[in-house]
Asks: 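Let me give you the structure first, and then I'll get to my questions.
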Amino acid sequence: MNAIGRVVATELKPATPHQFHFWTATDTAIGIGAIVKVGGSGTGDEGRVVYGVVTEGFAYSDLATPLHDVVGAEGDPTRAEEAPTARQQIRYWTAAVLRQTPEEPLQPVPLGQVYVADDVDVAQALRMDTFLYSATPTAIPIGLYTSAGREAPVYLDADFLLGPEAAHLNISGVSGLATKTSAVEFLLASIFAHFPAHKGRVAAVCFNVKGPDLCFLDQPGDLTDEDRHRYQALKVPAEPFQRVRLYAPLKADGVNLNTLRTHPDLVGDVEPLTWGLQEVVDFAEVLLNRDDIDAKADAFIDFLRDRVLGKSFDDGFGTTHRVQTFADLARLFRSIFDGLEITAGGRSDTWRTHHIATMRKVRNRLLNISTRCKGLVTDDGPSSDLPWKGFEDRTVYVIDIANVDPLGQDLVFARVVSKLREQLERRELGVDAVVVFVDELNKYAPGDGPETYVKKMLLDISERGRYLGLVLFGAEQFRSQVHRRVVGNAGTQVFGRMDMDELATPGYQVLTPATKSKLATLPIGELMIRHPHFTQPIFVRFPKPPVLRGRDGVERFPPGADVPFEDAVVRQLVRLDRRVRPNQVKDLIADREPDDVRRALAAVRRIRPDDVLAYFRKVLGARVEPEARMLREHHAVPPLNPISDEPY
């Protein structure tokens, strides 16, 4: 291997244990981000090898001042080339030390020759040899190091990406040019292909919060020959995800899906996501305005949760309730208010130590949830949820909430993450590790603003999730505006093209001006990586994801228009059982109440019987009651006592 430069040290710029300088010829292939190796030949340090990454570059000539060049050209720039002697110039580089071998004693970099690092040198420099060649390898490909004409795979340590040593990944960059979503899609494919067998099973849960970004992960995209070559070099299959489960809430009509993946060829793979009172009430804090709900209201909500929901409850006025749905809750409140009006003549304002004004406030807030989140939250009937306790290995679960009210988005995120944590704690989820991908962290975990339930949930994942196997992959445009604890707990930091205003914030002061300049002009597909094993940031290139991009998917599979109620019911039943005939379903639901049909459809989705049509006919034969609902006693309401015998 031929040397491309030599280390130089002066009194003003000496070589230190963490930094050194070297010069090269003017036509060198070295650039910012290149990894180099320094040998100790001729310095008395023949056994010492130093690896570094170039962080700054300069060009020098023998000019003392710019005025000398002006005088030599007699003030005419066009005559500068006519000088009888060409001025000598060099390339002068600054490199940050990545690794020294041996590591002890730690000494200044020797004044040796500089070489371009090859594949083995890159693995040594980035300390990848410790997890790449061990008895139980934990290497996850992140991309290719392509500086100085080389193409060397770069790996992350699964123990520091997915836990338990460290965990979480954060990716920042400007919208559209940083390829944040594409990078996460490729990394998930890499994790599924290289997740160590001794670490068990892994799955991913992705929240789609922007248009159709993640709606077509199971559809193949267009790849160039260069992309396929990179996939081959990284040993990652160049194919879309084989196991994708998509969930989306229903629209307000209760039968059409609220997603952009409604093309007739694809809509059958989307499963409805609907929740009832039982699923929502535990997350009342997400849905209620904390400035409006006080301690009294909190106490009443806790009373409902502990003493009323799902239990036989006597309201004190002769009626027994079993509250399981929002409709049941509305009937309970109506019974209580009517009872207070009748028994006390409207003069009593307290029920079970709770003031009537507090109860009315809680009633209004809770029942308003099913109105604001209609389609996601159902008034009456069973819910349709993710397969808790049945997650499958190497499966991506996409939850499309792009068109959902912000209140509903917060509810979905809080409940899904809470259930994931709960099931992982019990080791009942079906997988050992789950990657949760959340875009737009600037919105969900801002550095300023109130402490919301969602922000507290993200903080809890980032600080304690690695012990459970709950890993957060977060993306945002402005890293400086995300909560410091969310960003700081991410073991791996990824940067795409950055805005210069963002690079001027204090969080980027550790980077050199040349590195910042490169970050501001990164091409699509190139990233800067920081990882616990890497002592300095490294630039890598990753191939285009082998899946269909969101906007391309919408063009190839245009969303279908909302279908009439009876056709939407047919479509959902056919998805569960191809033997179902549309005419039979339409005859069954003719002249039936839409609410009864929705409840029957929800029951079929929950049970998933072998004979879908027969079960649908059975539950539609009568009103579909929620499970274990008790019969209510009906009492005649006595007339109000007249004030006098005067009939008027």
Side-chain angles (χ1 to χ4, degrees), residues 168-172 180 205-210 249 273 275 277 279-302 304-305 361-362 364-377 386 399-422 424 434-466 468 470-490 507:
H168 316 306
L169 177 140
N170 182 267
I171 181 169
S172 307
K180 300 186 294 292
V205 174
C206 301
F207 294 93
N208 183 53
V209 297
K210 291 188 304 183
L273 183 69
W275 294 334
L277 178 64
E279 290 78 19
V280 170
V281 73
D282 289 335
F283 303 93
E285 185 178 351
V286 181
L287 305 166
L288 303 178
N289 187 345
R290 306 313 302 169
D291 297 331
D292 187 34
I293 299 297
D294 52 19
K296 297 177 182 178
D298 277 337
F300 183 56
I301 293 173
D302 290 339
L304 292 176
R305 183 185 296 119
K361 178 190 291 186
V362 171
N364 293 339
R365 304 303 183 273
L366 288 178
L367 297 184
N368 186 48
I369 293 171
S370 62
T371 301
R372 288 189 61 181
C373 303
K374 196 171 184 63
L376 171 64
V377 177
L386 272 73
I399 304 174
D400 187 5
I401 51 176
N403 299 322
V404 177
D405 181 88
L407 179 74
Q409 291 185 354
D410 291 349
L411 171 63
V412 170
F413 178 78
R415 184 172 185 275
V416 169
V417 173
S418 294
K419 290 290 290 183
L420 287 173
R421 183 178 58 183
E422 175 186 330
L424 285 170
V434 176
V435 175
V436 178
F437 174 49
V438 182
D439 201 354
E440 302 295 339
L441 280 185
N442 288 124
K443 172 184 177 182
Y444 296 108
D448 51 10
E451 288 292 324
T452 63
Y453 191 94
V454 173
K455 183 191 289 188
K456 290 190 291 185
M457 186 71 62
L458 286 168
L459 286 170
D460 186 69
I461 296 176
S462 62
E463 293 172 343
R464 287 173 284 276
R466 64 189 177 100
L468 302 173
L470 187 58
V471 182
L472 175 64
F473 280 17
E476 72 282 334
Q477 292 188 42
F478 307 108
R479 181 173 178 267
S480 61
Q481 298 178 16
V482 178
H483 199 289
R484 291 183 61 185
R485 285 157 57 195
V486 173
V487 174
N489 280 290

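Quick caveat, the model's predicted, so the values are computed rather than measured.
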Asks: For D405, check salt bridge (charged side-chain N to carboxylate O under 4.0 Å, His left out) against everything at least two apart and list the hits.
Replies: R372
Asks: Run the side chain to side chain contact (heavy atoms under 4.5 Å, CB included) test against F478 and tell me which residues pass, sequence neighbours left out.
Replies: N442, Q481, E502
Asks: In sequence, state the C-alpha distance, the side-chain angles, and the governing distance for L169 and V435, and then conclude on side chain to side chain contact (heavy atoms under 4.5 Å, CB included).
Replies: CA-CA 10 Å; L169 177 140; V435 175; over 6 Å; no
Asks: I'd like to know whether L420 forms a side chain to side chain contact (heavy atoms under 4.5 Å, CB included) with V205, so could you lay out the CA-CA distance, the side-chain angles of the two residues, the decisive distance to 0.1 Å, and finally the verdict.
Replies: CA-CA 10 Å; L420 287 173; V205 174; 4.1 Å; yes
Asks: Could you tell me if the side chain of L366 sits less than 4.5 Å from the side chain of L304, heavy atoms only?
Replies: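 Yes, side chains in contact.
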Asks: Tell me, please, which residues at least two apart from R485 pass side chain to side chain contact (heavy atoms under 4.5 Å, CB included).
Replies: L459, E463, H483, N489
Asks: R305: what forms a salt bridge (charged side-chain N to carboxylate O under 4.0 Å, His left out) with it, not counting sequence neighbours?
Replies: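 For R305, the residues satisfying salt bridge (charged side-chain N to carboxylate O under 4.0 Å, His left out) (neighbours in sequence not counted) are D282, D302.
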Asks: Which residues satisfy the side chain to side chain contact (heavy atoms under 4.5 Å, CB included) test with A475, sequence neighbours excluded?
Replies: I171, K180, F437, D439
Asks: Work out which heavy atom in L441 is nearest to a heavy atom in G474; give both atom names and the distance.
Replies: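 So the two residues come closest at CD1-CA, 3.6 Å.
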Asks: Are V404 and V412 packed together at the side-chain level, in the sense that at least one heavy-atom pair is separated by less than 4.5 angstrom?
Replies: no
Asks: Which residues satisfy the ring pair (Phe, Tyr, Trp, His ring centres under 6.0 Å) test with F207, sequence neighbours excluded?
Replies: F413
Asks: Does K456 have any side-chain hydrogen bond (donor to acceptor under 3.5 Å, both in side chains) partners at least two apart in sequence or in another chain, and if so, which?
Replies: E285
Asks: Side-chain contact, heavy-atom cut-off 4.5 Å: D460 with V417?
Replies: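 Side chain of D460 against side chain of V417, heavy atoms only: no contact under 4.5 Å found.
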Asks: When rounded to the nearest 0.5 angstrom, what distance separates CE in M457 from CG in L472?
Replies: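 Answer for the CE-CG pair, M457 versus L472, is 12.0 Å.
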Asks: For a quick test of your reading: what N or O donor-acceptor pairs under 3.5 Å do the side chains of residues 443-450 make, sequence neighbours left out?
Replies:
{"unit_1": "K443", "atom_1": "NZ", "unit_2": "Q409", "atom_2": "OE1", "d": "3.1"}
{"unit_1": "Y444", "atom_1": "OH", "unit_2": "Q409", "atom_2": "OE1", "d": "2.8"}

Asks: State the CG-CZ distance between L470 and R464, to the nearest 0.5 angstrom.
Replies: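 If we round to the nearest 0.5 Å, L470:CG and R464:CZ are 11.5 Å apart.
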Asks: Please enumerate all residues that pass side-chain hydrogen bond (donor to acceptor under 3.5 Å, both in side chains) together with R479, with sequence neighbours excluded.
Replies: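 Once residues adjacent in sequence are excluded, the partners of R479 under the side-chain hydrogen bond (donor to acceptor under 3.5 Å, both in side chains) criterion are Q493.
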Asks: For a quick test of reading the model, state the closest non-hydrogen atom pair linking S418 to F283 and the distance between them.
Replies: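 Nearest heavy atoms, S418 then F283: OG-CE2, 3.4 Å.
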Asks: Taking only residues two or more places apart in sequence, or in another chain, which ones meet D400 in a salt bridge (charged side-chain N to carboxylate O under 4.0 Å, His left out)?
Replies: none
Asks: Tell me, with the steps shown, if L386 and L273 meet side chain to side chain contact (heavy atoms under 4.5 Å, CB included).
Replies: CA-CA 8 Å; L386 272 73; L273 183 69; 3.6 Å; yes
Asks: Using the side chain to side chain contact (heavy atoms under 4.5 Å, CB included) criterion, which residues pair with K419? Sequence neighbours excluded.
Replies: W388, R415, E422, Q423
Asks: Can you check whether G465's main-chain N or O pairs, donor with acceptor, with H168's side chain at less than 3.5 Å?
Replies: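 No: the side chain of H168 does not pair with the backbone of G465.
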